Structures are given as C-alpha cells and as structure tokens.
Amino acid sequence: MTGLLTVVGLGPGDPRFLTPAAAEVLASATDLVGYGPYVDRLPKRPGQRRHSSDNRVELDRARFALDLATKGARVAVVSGGDPGVFAMAAAVFEAVDNGDPAWRSLDIRVEPGITAMLAAAARVGAPLGGDFCAMSLSDNLKPWEVVEARLRAALAADFVVALYNPISSARPWQLGAAFKIVAETRDPDTPIILARAVMRPDERIRTLPLSEVEASIADMSTIVIIGASTTKLIERSEGQAPYVYTPRFYGVRP
C-alpha cells in the first residue's frame with residue numbers, strides 16, 4: 001500500500017506550540033480527518049480535503065481514515081494536545097486491531113503534541129515535578145466504579161493527579177464526587193489547579209486550596225491538577241499568582 005496515516009497532535013491551541021514535525025505532516029497531507037473544532041484550527045490548503053465529524057465517533061472516524069489511507073491517501077488524523085493521551089491514536093490502533101486485516105499493512109505513524117496537563121503545569125510552575133498520574137473522569141468508556149477505584153489508589157499512593165474530561169453537561173456530578181474523595185485523604189490546603197483553555201485566547205487558570213474549590217467552576221475545556229502532600233506554593237507579590245511546584249525528592253531532602 002502506498003497510503004500513509006499519521007495521527008497528529010495539535011498541542012494546546014496556540015499554533016506556536018505545534019511541533020515542526022507535526023506541521024510538516026499537516027502540510028503534506030491530502031486529507032485531514034478529525035473532530036470539527038480541531039480541523040477548523042488548521043489553515044485551508046488548495047486541494048487538501050477536510051473531513052470533520054462529531055466528538056463521540058472516534059472509532060468511526062478512525063475506520064474512515066484507515067479506508068482513505070488504503071486507497072492511497074496521505075491522511076492526517078488530528079487530535080488536540082497529544083494524540084496518545086485519551087485521544088485518537090488509541091482509537092486508530094483499536095480500529096486496526098479489530099478491523100480489516102489489510103489495515104495492518106498500512107504505514108501508521110504518531111506525531112506527538114503538548115498535552116493539556118503539561119501546558120497547564122508550565123503555566124503555574126512545576127506541579128508535576130514529582131511522581132504523578134493522569135486520569136480521565138469520563139465514564140463513557142469505563143464504569144464510574146473503575147474511575148473511583150483508580151482515583152482512590154492514586155491518592156493513596158500520594159501522586160499528583162491530573163484529571164482530564166472533568167465535567168460536562170451530560171456528567172455534571174462526577175468532578176464534585178471526585179473532590180469529595182480527594183477530601184478524604186488530602187489536607188484542606190492542598191493546591192488544586194484549574195486550567196481552562198490553556199494557551200488559547202480565553203485561557204483562565206486558578207490555583208485554589210481544596211477547601212475552596214467547587215466543581216461548578218470547571219468544564220470540559222478544563223484540566224484539573226490535584227497536588228500531592230508535598231506540593232508547595234511560593235507566594236509572590238500582591239496581585240501575582242503563586243508558583244506551584246512538587247519537589248523531586250520525597251520526605252527529607254537527601
């Protein structure tokens with residue numbers, strides 16, 4: 001087969017944070033496939049076909065892109081952030097794993113991007129400086145019981161925890177439930193970072209103690225970072241947001 005499929009990470013939104021390698025793939029693609037708002041972020045190029053779809057049809061989108069590639073197209077499947085973090089790369093390989101055997105002969109590549117938790121962390125300091133984990137609060141593809149069990153385990157291990165897909169109109173209660181679980185094991189002054197639309201014009205980032213945080217101030221464009229017991233604030237001048245960091249060492253500094 002002469003076709004090529006590349007899953008491309010667009011980064012957090014600001015085009016300056018699109019990698020040169022990803023930009024090259026996008027410029028050379030004959031077809032762009034992706035969730036509508038992500039495709040809309042890209043400039044139109046003469047002769048390049050655009051195939052937009054809804055956010056909840058990842059597998060259908062992946063199969064469509066694979067079919068295009070088998071016909072000789074150079075396909076770029078676009079994802080916000082990094083395509084391998086709760087995004088389209090896994091959907092593409094799931095489609096290959098369970099689909100047309102011919103798809104296994106395709107040249108499939110993944111171009112990484114800056115994922116939301118890294119962009120958010122960079123805005124406030126270094127909250128991911130120690131051990132951390134990332135979770136999705138969405139129960140669309142796994143039961144809430146699994147989400148809750150994993151969150152409790154991560155908190156018990158004293159990881160910094162980054163929460164993706166924290167809340168939506170269809171799931172208005174889950175972030176509040178997660179904060180209640182956090183409150184069972186973390187101190188009330190634990191830093192909670194709520195980073196909305198990171199590196200986009202409507203960016204808003206707040207760092208609040210656990211005792212003051214409310215689920216209603218987050219949405220699906222928000223990444224939530226829950227500090228560990230070792231996460232610290234560095235207070236600054238009046239009107240300036242504190243720096244947040246998690247030391248690389250644990251316990252007494254060697």
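Here, residue 1 is the first one in the sequence, and each next residue gets the next number. These numbers come from a predicted model, not from an experiment.
For the pair Trp103/Arg63, a side-chain contact is recorded, criterion being any heavy-atom separation below 4.5 Å from C-beta on. Annotation: side chain of Leu32 is not in contact with side chain of Arg49 (no heavy-atom distance under 4.5 Å). Residues Ile108 and Val96 meet the side-chain proximity criterion, which asks for heavy atoms closer than 4.5 Å. In this structure, Leu26 and Leu10 have side chains that are in contact, with non-hydrogen atoms separated by less than 4.5 Å. Between Pro127 and Tyr245 there is no side-chain heavy-atom pair separated by less than 4.5 Å. With contacts defined as side-chain heavy-atom distances shorter than 4.5 Å, the pair Leu106/Thr70 qualifies. Side-chain contact between Ile114 and Asp82: absent, with no pair of heavy atoms (C-beta onward) separated by less than 4.5 Å. Residues Thr6 and Val110 have side chains not in contact (no heavy-atom distance under 4.5 Å, counting atoms from C-beta outward).
Residues Arg186 and Ala154 come closest through the heavy atom pair NH2-O, 4.0 Å. Contact record, Ile167 with Ala215: CD1-O, 3.8 Å, taken as the closest heavy-atom pair. Between Leu137 and Ala178 the shortest heavy-atom distance is CD1-CB, 4.0 Å. The shortest heavy-atom contact between Gly34 and Val78 is CA-CG2, 3.9 Å. Across every non-hydrogen atom of Val25 and Glu111, the tightest pair is CG2-CG, 3.9 Å. In this structure, Val147 and Ser138 approach most closely via the heavy-atom pair CG2-O, 4.1 Å.
Asp31 and Gln48 share no side-chain donor-acceptor pair at under 3.5 Å. When only modelled atom types and interatomic distance are considered, Thr190 and Asp187 share no side-chain donor-acceptor pair under 3.5 Å. Residues Thr231 and Thr246 have side chains that bring a donor and an acceptor to within less than 3.5 angstrom of each other.
Ion pairing between a basic and an acidic side chain is recognised when a charged N comes within 4.0 Å of a carboxylate O; Asp14 and Arg200 show no such pairing. Look at Arg152 and Glu148 and you find a salt bridge, because one of the NZ, NE, NH1 or NH2 atoms lies within 4.0 Å of a carboxylate O, short of that distance. Between Arg204 and Asp202 there is no salt bridge, since none of the side-chain N atoms of the basic residue sits less than 4.0 Å from a carboxylate O of the acidic one. The pair Arg248-Asp131 does not meet the salt-bridge criterion, since no charged nitrogen lies less than 4.0 angstrom from a carboxylate oxygen.
Formation of a donor-acceptor pair under 3.5 Å by the Arg123 side chain with backbone atoms of Ile205 is not found in this model. Remark: side-chain polar atoms of Arg74 are not paired, donor with acceptor, to backbone N or O of Leu4 under 3.5 angstrom. Thr222 contributes no side-chain N or O that, together with a main-chain N or O of Arg196, makes up a donor-acceptor pair within less than 3.5 Å. Judged by distance alone, the side chain of Asp139 and the main-chain N or O of Trp144 form no donor-acceptor pair under 3.5 Å. Side chain of Arg104 to backbone of Asp97: a donor-acceptor contact under 3.5 angstrom is found. Between the Ser168 side chain and the Arg171 main chain, a donor and an acceptor come within less than 3.5 Å of each other.
In terms of hydrophobic clustering, with Ile, Leu, Val, Met, Phe, Trp and Tyr side chains grouped at heavy-atom distances under 4.5 Å, Leu128 and Phe17 are assigned to a common cluster. Hydrophobic clustering (side-chain heavy atoms under 4.5 Å, transitive across Ile, Leu, Val, Met, Phe, Trp, Tyr) groups Leu208 together with Leu175.
With rounding to the nearest 0.5 angstrom, the CG atom of Asp107 is 9.0 Å from the CG atom of Leu5. Rounding to the nearest 0.5 angstrom, the gap separating the CG atom in Asn165 from the CE atom in Met135 is 11.0 Å. To the nearest 0.5 Å, atoms CG (Leu118) and CD1 (Ile223) are separated by 9.5 Å.
Within 6.0 Å of CZ on Arg16 lie no more than 12 heavy atoms contributed by other residues, nucleotides or ligands.
Both the sub-6.0 Å distance and the 45° axial angle are not jointly satisfied by Arg61 relative to the ring of Tyr35.
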Open item on the list: Pair Leu210, Asp189 - check side chain to side chain contact (heavy atoms under 4.5 Å, CB included), show working.
Closed with: CA-CA 6 Å; Leu210 175 60; Asp189 60 352; over 6 Å; no
Open item on the list: For a side chain to side chain contact (heavy atoms under 4.5 Å, CB included) check, start with the C-alpha distance between Ile225 and Val161, then their side-chain angles and the critical distance, and finish with the verdict.
Closed with: CA-CA 6 Å; Ile225 299 178; Val161 183; over 6 Å; no
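A ring-centre distance under 6.0 Å is found for Tyr164 and Phe86.
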